[in-house]
Every structure is written in structure tokens, then in C-alpha cells.
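Working notes for the structure below.
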Amino acid sequence: MMFGVSALIGGAAAAQAPIQPVYNAMGAYSSGMMNVVQLGQPLAFQARNARIRAEEQRGIRAPLPAPRSAPLTFAPGTGVQTVNAYVARVSRQDPTAGGQLRTALAGKNVPAIFGQLVAPFGLGNHDVADAMAAHLIMRTMVVTGAQPPSPQGVRNVRDSIAQALAHDPKMASEAYRSQIGGEAQLDFLLVNTTWRAIGAGKWPADAAAQYRHSVASSLAREGVDLNTTQLTPDGFAPK
């Protein structure tokens, strides 16, 4: 999930100056996408499911029933429509940042790049829960410095998100799934690129700290309290 994005998205130019002002200007983006489901909800599902699995292993509970199903797949396309809509929202807040983002992403097939990055963890580029799991894990890694979960841990996060999304009637619309999944993929790619640039020492320490604070604030708005939740090899767990 976390490999080679600077080269894939366009090299050093995409990993330096364009991303910081873009991220600082993207408040409307988070509120526009993550009204699908508060991400704290799937984390609660995961904690509940882990507790039940432990009880199953001790023989004091019947096996957990299969999660409710819902259509979560979508046709990823090339991501051009998602990029254009995102750039337009950012540009309304900060035209300079919008222009920088458009340049950084020009000609890039975001779903294809996303798919290459997440494939080692068993995720794909055509499923809303896959995209949102990668989005959530990547943001948490940026804030906390945690390592990525194991492929099974990533799957645990993905399945918990799918369980939460199954209760959202808007998921019946493939257009809606495409919008939400595409935006989660784009967010993952931008955050991953920035994370790599910070790790390579391309950002000043104060700018990196400001960026992490911005990501933590966006997670808090989405219902994720990193004071009480931690990312482990098995996924998310209470601290």
C-alpha cells in the first residue's frame, strides 16, 4: 500500500511544493466525501467483531453471522471526473493550490495508481470499502507514525467498513459509489505522496507538524479518536 507513489504520481515535483498548499485548502473535500459514514462507526464494528471472535475461540459464543451485504463495487474508469471535481472545490478556496494540484495530477490515472499501491495488501481499485480502508489507514499512519497493518489487518479494517456501509441506502447508487470510492482513492494518493515527502525530509519540521495536525483534525471530524484508538498489525484496536 505504501510503495513507490512519488514515481507513480510523477516524481519529485508531485512530492514537494504542490501538496502542502493543496492539503491546507481541502477542508471542503473532507466534509464533501466523508458524510457517507462516520469512520468511527466501522472502528466500533471492528472492536465488537474482535471481541466476539475471541469469545468464539473460547467456546462461549456462537460464530458471528456473515455481515449484511451491500453493493460496494464501482467501475473506476480513469479518475478524470473525480480529479476535476476535486480541483474545482479546492480552487474555490485557493485558486493557486487548485492549479498546482491540476498540474501534479495531469495525465495521471488515479485509480490505476491506487490499485498498484494497495494490491500487495489484498485491496483493489473498484470497491468503496477497499478505498475507504486505505484512506483511513494511510491518514492514521501519517498522524501516529504507525506501520501499516498486515494484509489480514487491512482486510479486517476493510470488512468493518463494509459492514458499516451496508446500512447506507445511498450505496444502492453506482454513481454515488463511484464518487465516494474515487474521492477516497484520490485522498489516499495525495496523503501517501505527502507522507513519503515528509519521510524523505522534503518538508520543514514545522510544516510537517502542521500537516499531521490537519490530518488528525479531519479524522476527528470523521469520528476517529486517535487518543483512544490505535493502529495495530491486526487493524484498529482500543488503546
Got more than 12 heavy atoms from elsewhere within 6.0 Å of CD, Q81? no
Give a yes or no answer on whether the side chain of K239 reaches the backbone of L226 with a donor-acceptor pair at less than 3.5 Å. yes
Rounded to the nearest 0.5 Å, how far apart are CZ of R212 and OG of S217? 14.0 Å
The test is side-chain contact (heavy atoms from CB on, under 4.5 Å); show your working for Y211 and V191 and say whether it passes. CA-CA 10 Å; Y211 177 79; V191 177; 3.5 Å; yes
For a quick test of reading the model, state the closest non-hydrogen atom pair linking A134 to V118 and the distance between them. CB-CG1, 4.1 Å
To check you understand the geometry: which heavy-atom pair defines the closest contact between S178 and A75, and what is its length? OG-O, 4.2 Å
Side-chain (R102) to main-chain (V87) donor-acceptor, under 3.5 angstrom: no
Rounded to the nearest 0.5 Å, how far does CG of D130 lie from CG of D159? 9.0 Å
Trace of the side-chain hydrogen bond (donor to acceptor under 3.5 Å, both in side chains) decision for Q152 with N156: CA-CA 6 Å; Q152 183 57 55; N156 290 341; 3.0 Å; yes
Does some side-chain heavy atom of L231 sit less than 4.5 Å from a side-chain heavy atom of M141? yes
For A133 against V157, the heavy-atom pair lying closest together: CB-CG1, 4.0 Å
Euclidean distance, W195 CH2 relative to F188 CZ, rounded to 0.5 Å: 9.0 Å
Working to the nearest 0.5 angstrom, can you tell me the gap between T140 OG1 and M138 CE? 9.0 Å
Going by heavy atoms in the side chains, are D187 and Y86 under 4.5 Å from each other? no
Between F236 and L136, is the side-chain contact (heavy atoms from CB on, under 4.5 Å) condition met? List the steps. CA-CA 10 Å; F236 286 93; L136 173 58; 3.8 Å; yes
Would you say the side chain of T73 lies within less than 4.5 Å of the side chain of E174, judging by non-hydrogen atoms? no
With distance as the sole test, does E183 use its side chain to make a donor-acceptor pair with the main-chain N or O of T82 at under 3.5 Å? no
Exactly one candidate in M171, H126, K170 meets side chain to side chain contact (heavy atoms under 4.5 Å, CB included) with R177; the answer is M171
Residues in side-chain hydrogen bond (donor to acceptor under 3.5 Å, both in side chains) contact with N125, at least two apart in sequence or another chain: none
Which heavy atom in G77 sits nearest to a heavy atom in P111, and how many Å separate them? O-CG, 3.7 Å
Would you call I180 and M132 a side-chain contact if the rule is heavy atoms closer than 4.5 Å? yes
Min side-chain heavy-atom separation V142-T194 under 4.5 Å: no
By side-chain hydrogen bond (donor to acceptor under 3.5 Å, both in side chains) - contacts of N109 (at least two apart): none
Side chains of P149 and I137: closer than 4.5 Å at any heavy-atom pair? yes
State, to 0.1 Å, how close F114 and G124 come at their nearest heavy-atom pair, and which atoms those are. CE2-O, 3.4 Å
Are R158 and D127 packed together at the side-chain level, in the sense that at least one heavy-atom pair is separated by less than 4.5 angstrom? yes
Considering all heavy atoms, the nearest P120-P151 contact: O-CG, 4.1 Å
Got a second to check how far Q185's CD is from L117's CG, nearest 0.5 Å? 10.5 Å
4.5 Å side-chain heavy-atom contact, L219 and V143: yes
